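Here the structure is laid out as structure tokens; the discussion comes afterwards.
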Amino acid sequence: MEAIETRYRTQTCGQLRLSDVGKTVKLAGWVHSYRDHGGLVFVDLRDRDGITQLVFDPDTCGQQAHEESRRLRSEFVISITGKVTARSAEALNKKLPTGEIEVHVQSLELLSGAATPPFTPDQHESVNEERRLEYRYIDLRRPDMSQTLRTRYRVSKIMRDYLGERGFWEIETPFLTKSTPEGSRDFIVPSRLVPGSFYALPQSPQLFKQILMVGGVDKYMQIVRCFRDEDPRADRQAEFTQLDVEMSFIDMENIISIIEGLLRTIWKQILGVEIPDPIPHMDYDVAVNRYGTDRPDLRFGMELKDVTDLGHATDFGVFKSAPMVKCIRVPGGAKLTRKETDALADWSKGFGAKGLAVTKVTAGSLDTGIAKFLASIAPKLIERMEAHEGDLLCFAADQPAVVHKVLGELRLKMARDLKLEPSTPWAWVWVVNFPLLDWDGEEKKWNAVHHPFTSPRDEDMANLSSRDQAVLSAMKSKAYDIVLNGYELGGGSIRIHRMDVQQEIFSILGISSEQQKLRFGFLLDALKFGAPPHGGLALGLDRIIMLLRGTSNIRDVIAFPKTQSGADLMCGSPSELDDKQLRETHIRLSMPAKPAAT
RNA sequence: GGGCGCGUAGCUCAAUUGGUUAGAGUACCGGACUGUCGAUCCGGUGGUUGCGGGUUCGAGUCCCGUCGCGCUCGCCA
């Protein structure tokens with residue numbers, strides 16, 4: 001960082017080198033640490049650019065400044081004038097980029113004192129995240145956090161530059177918008193001017209960007225906040241940021257190639273890493289069947305293999321009666337103890353499984369666990385699983401959804417627990433050919449797998465009038481997800497641009513024509529007045545930064561994140577409103593009465 | 001809403017598994033020190049063991065409740 005010269009500084013704390021020796025400079029920043037030797041005081045001065053050692057020597061700074069320097073404490077904010085001096089050979093600090101020089105202070109100005117901080121930004125020991133969130137302004141001074149903010153800025157700049165050069169316009173869409181009960185729960189905002197009415201914060205700008213296409217914008221992008229009122233996870237926050245993209249007169253491969261180019265540029269510029277060209281595609285069905293999920297982590301093998309036929313041939317009741325039996329081979333898993341494999345079975349119940357059967361592979365045979373039930377099929381099983389001595393075979397037998405969930409999660413757990421070596425640091429894949437629709441057996445209705453505006457494949461268009469469960473289940477959409485190391489970085493689709501098709505989809509989803517008009521009338525109207533074929537995608541900016549920075553905690557890549565209960569521990573949100581605000585927005589609370597304070 | 005884990009000095013952790021006055025490092029305060037760089041040396045302050053209740057002769061430790069934080073299932077078109 002080049003400093004902009006001000007009354008407080010001429011350079012930054014990360015800038016000075018041997019070539020600057022002899023210059024008189026001004027530096028400003030925080031007291032990172034101080035070492036008081038009585039007659040001589042050293043201060044490490046820090047700004048976001050680095051750390052520079054200051055020397056307070058009464059001979060150069062005078063008695064008064066020297067006395068003042070002895071009263072400096074952690075995180076005081078100061079500005080100094082001084083002379084850049086080469087350090088002697090014994091005094092070099094190889095840990096600092098500025099370690100070949102130091103600044104001999106001539107004058108000191110205290111800009112702000114600081115109370116004793118609850119923790120310091122020195123990163124010597126990890127601090128409770130609750131404290132970090134409460135005192136975020138101190139946490140953000142840590143070089144790690146500073147570096148993350150910088151990476152985040154650089155990535156968003158690359159996104160704007162890359163897409164801007166290709167004719168995309170960044171256009172803002174409303175935050176105060178209309179609630180649509182589909183999808184995730186909305187955050188709602190009361191209207192003061194229209195009593196009893198509410199806005200919703202956008203789950204994504206989906207409909208606005210489609211309408212921009214109808215509006216002839218042709219190429220749109222926006223780095224935009226989205227809001228979903230659902231419980232957070234390690235990689236999920238109620239409020240998050242997307243790179244939202246939409247283009248007209250395209251098909252799937254056009255948007256895929258644009259986004260690949262963007263990701264390639266980001267990984268190259270931020271990490272110096274090359275991304276495969278092209279990124280391989282995988283059918284949704286293949287992903288689910290082989291990896292148990294639509295966002296497979298391809299850094300590890302342990303593919304799910306169907307052994308339903310072998311399972312049915314055993315005398316093992318659980319296997320004989322199960323609709324599906326699948327197996328994964330965990331290399332080296334035989335070293336797990338009985339206690340550990342029992343724990344796996346318990347763990348699997350968290351995903352709806354009744355249990356998890358395991359057996360260890362010995363030289364040409366099976367031992368322990370359910371080995372005795374498998375004796376008759378052992379050779380075929382070992383052959384199909386390509387199993388070797390020392391492997392662990394893990395079986396799930398249940399409905400397909402449960403089998404896939406359990407074994408899909410087990411793969412990842414085994415990779416973590418056994419610290420398996422990834423086959424590549426970055427495993428990219430486009431997941432394509434998603435089903436269009438998903439039958440909800442509980443509610444007896446169809447749901448859109450991606451969203452209701454996703455176009456069916458051309459070859460499925462003819463079947464839209466069908467209401468046959470098998471026909472509708474078999475329909476595929478023009479949706480695509482980009483997956484990296486098991487994280488869904490983003491997804492999108494080619495949209496429906498014909499009103500009749502959109503109405504047909506709504507009808508399959510069980511939305512009456514009255515409801516269609518009420519909730520999506522503006523979209524149907526827009527499609528009526530000449531909509532170009534269009535499609536796009538949204539990338540999760542937070543997750544991209546997580547992967548670039550090597551963290552699995554989304555809060556680490558957001559300047560002011562929220563806790564799992566949706567609280568901002570620094571500013572204290574959410575908070576109650578006073579009566580006046582409630583009256584103005586026509587809101588009466590119906591909270592259960594609080595127990596009287598005693 | 002459910003499951004699991006955590007909560008002890010400002011911070012990071014300990015406390016022989018229910019037993020004396022809850023310790024250590026660091027930070028902080030005072031003192032010494034002109035080449036340190038996670039400075040060093042000497043001395044000192046600092047605790048409602050998250051909160052409330054219970055069991056017990058005795059609770060940081062066990063039980064119940066509650067609050068907060070984390071991971072997770074459900075949820076996330």
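For clarity, every value in this text was computed on a predicted model and none was experimentally measured. In what follows, every chain begins at residue 1, and chains take the letters A, B, ... in the order their sequences are listed.
Between A:Y34 and A:F76, the ring centre distance reaches or exceeds 6.0 Å.
In this structure, A:E75 atom CD and B:A27 atom P are separated by 14 Å, rounded to whole Å. Regarding A:D122, its CG atom lies at a distance of 10 Å from the P atom of B:G38, rounded to whole Å. Going from atom CZ of A:R73 over to atom P of B:U26 covers 16 Å, rounded to whole Å. With rounding to whole Å, A:N128 atom CG is found 15 Å from B:A9 atom C1'. B:U12 atom P lies 12 Å from atom CG of A:D139, rounded to whole Å. B:C37 atom C1' lies 14 Å from atom CG of A:L45, rounded to whole Å. The separation between A:E130 atom CD and B:U12 atom P is 10 Å, rounded to whole Å. For the pair A:D36 CG and B:C41 P, the interatomic distance rounds to 15 Å; values are reported in whole Å.
Comparing the C1' positions of B:U36 and B:U17 gives a spacing of 45 Å, expressed to the nearest Å. Rounded to the nearest Å, the gap between the C1' atom of B:C71 and that of B:G52 is 27 Å. Atom P of B:C41 sits at a distance of 11 Å from the matching atom of B:A27, rounded to the whole Å. B:G46 and B:C28 have their C1' atoms separated by 9 Å, with the value rounded to a whole Å. Rounded to a whole angstrom, the distance from the P atom of B:G65 to that of B:C75 is 27 Å. For the C1' atoms, the distance from B:U8 to B:G68 is 16 Å, rounded to whole Å. Comparing B:U61 with B:G19, their P atoms sit 11 Å apart, to the nearest whole Å. Rounded to the nearest Å, the gap between the C1' atom of B:G47 and that of B:C11 is 14 Å.
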| remark: With sugar-phosphate taken as primed atoms, P, OP1 and OP2 and all else as base, the protein-contact string of nucleotides 70-77 of chain B at under 4.0 Å (heavy atoms; B, S, -) is SBBBBBBB
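Looking at A:R87, its side chain comes within 3.5 Å of the base of B:C37 through a donor and an acceptor atom. On a pure distance criterion of 3.5 Å, a polar donor-acceptor pair joins the side chain of A:Q53 and the base of B:U36.
Of all non-hydrogen atoms in A:F522 and A:K178, the two that sit nearest each other are CE2-CD, 4.4 Å.
The side chain of A:R70 approaches B:C33 more closely than any other nucleotide in the set B:C28, B:G35, B:C33. For A:A91, whose side chain is taken as the heavy atoms from C-beta onward, the closest listed nucleotide among B:U34, B:C28, B:U36 is B:U36.
When each of A:H104 and A:F119 is assigned the nucleotide of RNA chain B bearing its nearest heavy atom, the one mapping closer to the 5' terminus is A:F119.
In B:U34 the O4'-C1'-N dihedral to the base is more than 90° from 0, which defines an anti nucleotide.
Residues meeting the ring pair (Phe, Tyr, Trp, His ring centres under 6.0 Å) test with A:F434, sequence neighbours left out: A:Y284. Taking the salt bridge (Lys or Arg N to Asp or Glu O under 4.0 Å) definition, one finds that A:D49 meets it with nothing, sequence neighbours left out.
Atom CD1 of residue A:I80 and atom OG of residue A:S107 lie 7.5 Å apart, to the nearest 0.5 angstrom. Taken from OG in A:S74 to CH2 in A:W30, the straight-line distance is 14.0 Å, to the nearest 0.5 Å.
Checking the phosphate oxygens (OP1, OP2) of B:A27, no side-chain nitrogen or oxygen of A:Y34 falls inside 4.0 Å. For B:A39, one of the phosphate oxygens OP1 or OP2 lies less than 4.0 angstrom from a side-chain nitrogen or oxygen of A:R35.
You can call A:F42 stacked on the base of B:U36; the centres are under 5.5 Å apart and the planes sit within 30°.
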| Under the side-chain hydrogen bond (donor to acceptor under 3.5 Å, both in side chains) criterion, do A:H451 and A:T454 qualify, and how do the steps go? | CA-CA 6 Å; A:H451 58 51; A:T454 301; 3.3 Å; yes
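Using modelled atom types, no side-chain atom of A:S493 and backbone atom of A:A479 make a donor-acceptor pair closer than 3.5 Å.
Salt bridge annotation for A:K517-A:E514: absent, with no cationic side-chain nitrogen under 4.0 angstrom from a carboxylate oxygen.
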